[in-house]
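Presented below is the structure to which this report refers.
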Amino acid sequence: MDMSRVADQGLVLLGCGKIGSAMLAGWLEHGLPSASVWVIDPNPSDWLRAQGVNINTPLPERPAVVLVAVKPQMMGEALPAIQALGGGGTLFISVAAGTSIATFERVLGAGTPIIRAMPNTPAAIRQGISALIGNASTSGSDMTLAEGLLSAIGDTVRLQDEAQMDAVTGLSGSGPAYVFHLIETLAAAGEAQGLPHDLAMRLAKATVAGAGALAIASEEDPSQLRINVTSPNGTTQAALEVLMHEQEGFPNLLHRAVKAATDRSKELSGE
Ligand SMILES: NC(=O)C1=CN([C@@H]2O[C@H](COP(=O)(O)OP(=O)(O)OC[C@H]3O[C@@H](n4cnc5c(N)ncnc54)[C@H](OP(=O)(O)O)[C@@H]3O)[C@@H](O)[C@H]2O)C=CC1
Ligand SMILES: O=C(O)[C@@H]1CCC=N1
């Protein structure tokens with residue numbers, strides 16, 4: 001991605017916590033100059049202070065992009081700081097869960113190009129995935145700019161309908177946490193079978209990372225890759241009889257987990 005427009009005109013980051021920092025880390029690593037970044041955050045982290053970006057200083061008059069990365073509950077308090085940049089000329093990208101495009105249009109004006117995006121934290125190592133959708137004022141070049149920025153920190157996918165954002169949030173936005181929990185519990189299960197903690201954790205991390213990389217790289221789909229591991233009447237089959245149990249296994253558990261996250265995203269949009 002050619003970051004020259006963003007580097008020339010500037011990028012404003014409203015809120016730089018977990019996801020804002022993950023995205024910023026990816027962009028800085030990709031070559032965005034730190035002098036081109038302005039951050040508004042009441043309590044900048046030590047990591048952020050060490051990056052050489054502009055923190056809580058006056059903003060450029062017409063930045064290329066404002067990235068909104070505050071919690072939905074803080075939106076009312078936070079948006080006035082960037083409201084004057086609305087109206088066109090600056091592209092707004094919000095990653096906030098459950099905050100609709102209409103909410104931003106009410107504050108910034110319907111003529112403001114606004115893209116709602118849902119990234120995830122592997123963005124920090126440029127292996128995230130972001131889903132995005134723009135409002136009616138978003139031009140083709142705005143979408144290209146947003147996709148360029150987001151593709152610098154991983155894969156991107158365009159949505160057809162803003163309503164899909166709740167399920168996307170429940171799947172890939174929150175999803176890294178499910179996988180981290182899988183790593184934690186896989187390691188703990190190995191420990192319970194007699195392995196030392198460090199060895200169990202190393203095996204668990206490498207197994208999840210390797211399986212994920214194979215799932216992306218392979219032409220076979222994940223169900224075939226699963227079958228490839230499963231020798232008839234072997235060890236994997238014994239485990240899968242537990243994990244694939246209709247009521248107590250993964251399918252029901254993950255269905256309930258993703259539904260809970262999706263429902264919470266819908267709830268946030270009404271709060
Ligand atoms: N974490 C994730 O994996 C993902 C998060 N998101 C979305 O990103 C948004 C941020 O989430 P996350 O990074 O986890 O949350 P964090 O709380 O880690 O980050 C939010 C940041 O905004 C700061 N902040 C609070 N009030 C203001 C204000 N008035 N002006 C500017 N900054 C302010 C916070 O400071 P302080 O801590 O001092 O309050 C904090 O540094 C949320 O809307 C979430 O839905 C989307 C995708 C993935
Ligand atoms: O937990 C949350 O609400 C945010 C949205 C997706 C990931 N973290």
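Remember, it's a predicted structure, so these values are computed and weren't measured experimentally.
The backbone N or O of Arg62 sits less than 3.5 Å from a side-chain atom of Gln9, completing a donor-acceptor pair. Under the 3.5 Å distance criterion, the side-chain polar atoms of Asp166 are left unmatched by any main-chain donor or acceptor of Gly98. Judged by distance alone, the side chain of Asn56 and the main-chain N or O of Asp41 form a donor-acceptor pair under 3.5 Å. With Ser174 contributing its side chain and Gly170 its backbone, the two residues share no donor-acceptor pair below 3.5 Å. Checked by atom type and distance alone, the side chain of Asp155 never pairs as donor or acceptor with a backbone atom of Ile129 at under 3.5 Å. A donor-acceptor distance shorter than 3.5 angstrom exists from the side chain of Thr185 to the backbone of Leu182, with no hydrogens or angles considered. Side-chain N or O atoms of Trp38 include none that pairs as donor or acceptor with a backbone N or O of Thr57 at under 3.5 Å. With hydrogens and angles disregarded, a donor-acceptor distance shorter than 3.5 Å links the side chain of Ser94 to the backbone of Ala96. Distance alone, capped at 3.5 Å, places no donor-acceptor pair between the Thr169 side chain and the Ser265 backbone. Proximity of a side-chain donor or acceptor of Ser36 to a complementary backbone N or O of Ala7 within less than 3.5 Å is detected.
Contact detail for Arg116 and Ile101: the closest heavy-atom pair is CB-CG1, 3.9 Å.
Both Val39 and Ile153 belong to a common hydrophobic cluster when Ile, Leu, Val, Met, Phe, Trp and Tyr are linked at side-chain heavy-atom distances under 4.5 angstrom. Residues Leu225 and Leu243 fall into different hydrophobic clusters, defined by Ile, Leu, Val, Met, Phe, Trp and Tyr side chains chained together at heavy-atom separations under 4.5 Å. When the side chains of ILVMFWY residues are joined at heavy-atom separations under 4.5 Å, either directly or via intervening members, Trp27 and Val12 end up in two distinct hydrophobic clusters. In the hydrophobic clustering of this structure, Val168 does not group with Val157; members are Ile, Leu, Val, Met, Phe, Trp, Tyr whose side-chain heavy atoms approach within less than 4.5 Å, directly or through other members.
Side-chain contact between Leu268 and Gln73 is present, with heavy atoms from C-beta onward closer than 4.5 Å. Annotation: side chain of Leu59 is not in contact with side chain of Val66 (no heavy-atom distance under 4.5 Å). At a threshold of 4.5 Å between non-hydrogen side-chain atoms, the residues Val208 and Phe180 do not count as touching.
Counting heavy atoms of neighbouring residues, nucleotides and ligands inside a 6.0 Å radius, atom CG of Asp221 exceeds 12 of them. Applying the 6.0 Å contact sphere to NE2 of His245 captures more than 12 heavy atoms from other residues, nucleotides or ligands. Atom CD of Gln127 has 12 or fewer neighbouring heavy atoms from other residues, nucleotides or ligands inside a 6.0 Å radius. Heavy atoms of other residues, nucleotides or ligands lying less than 6.0 angstrom from CD of Glu61 number 12 at most.
Taken to the nearest 0.5 Å, the CE atom of Met23 stands 9.5 Å off from the CG atom of Asn120. One finds the CE atom of Met165 at 11.5 Å from the OG atom of Ser100 (value rounded to the nearest 0.5 Å). Separating the SG atom in Cys16 from the CZ atom in Arg49 is a distance of 11.5 Å, to the nearest 0.5 Å. The CD1 atom of Ile93 sits 5.5 Å away from the CG atom of Leu150 when rounded to the nearest 0.5 Å. A distance of 11.5 Å separates CG of Leu24 from CD1 of Ile19, quoted to the nearest 0.5 Å. Atoms CZ and CG, from Phe92 and Leu14 in turn, are 9.0 Å apart once rounded to the nearest 0.5 Å.
Under a 4.0 Å N-O distance rule, the pair Lys259/Asp263 qualifies as a salt bridge.
Evaluation of the side chain to side chain contact (heavy atoms under 4.5 Å, CB included) rule for Ser137 yields Asn135 as partners, not counting sequence neighbours. Evaluation of the side chain to side chain contact (heavy atoms under 4.5 Å, CB included) rule for Ser139 yields Ser141, Asp142 as partners, not counting sequence neighbours. Not counting sequence neighbours, Arg226 has no partner by the salt bridge (charged side-chain N to carboxylate O under 4.0 Å, His left out) test.
Side-chain atoms of Gln224 and Asn228 form a donor-acceptor pair, as typed in the model, at a separation below 3.5 Å.
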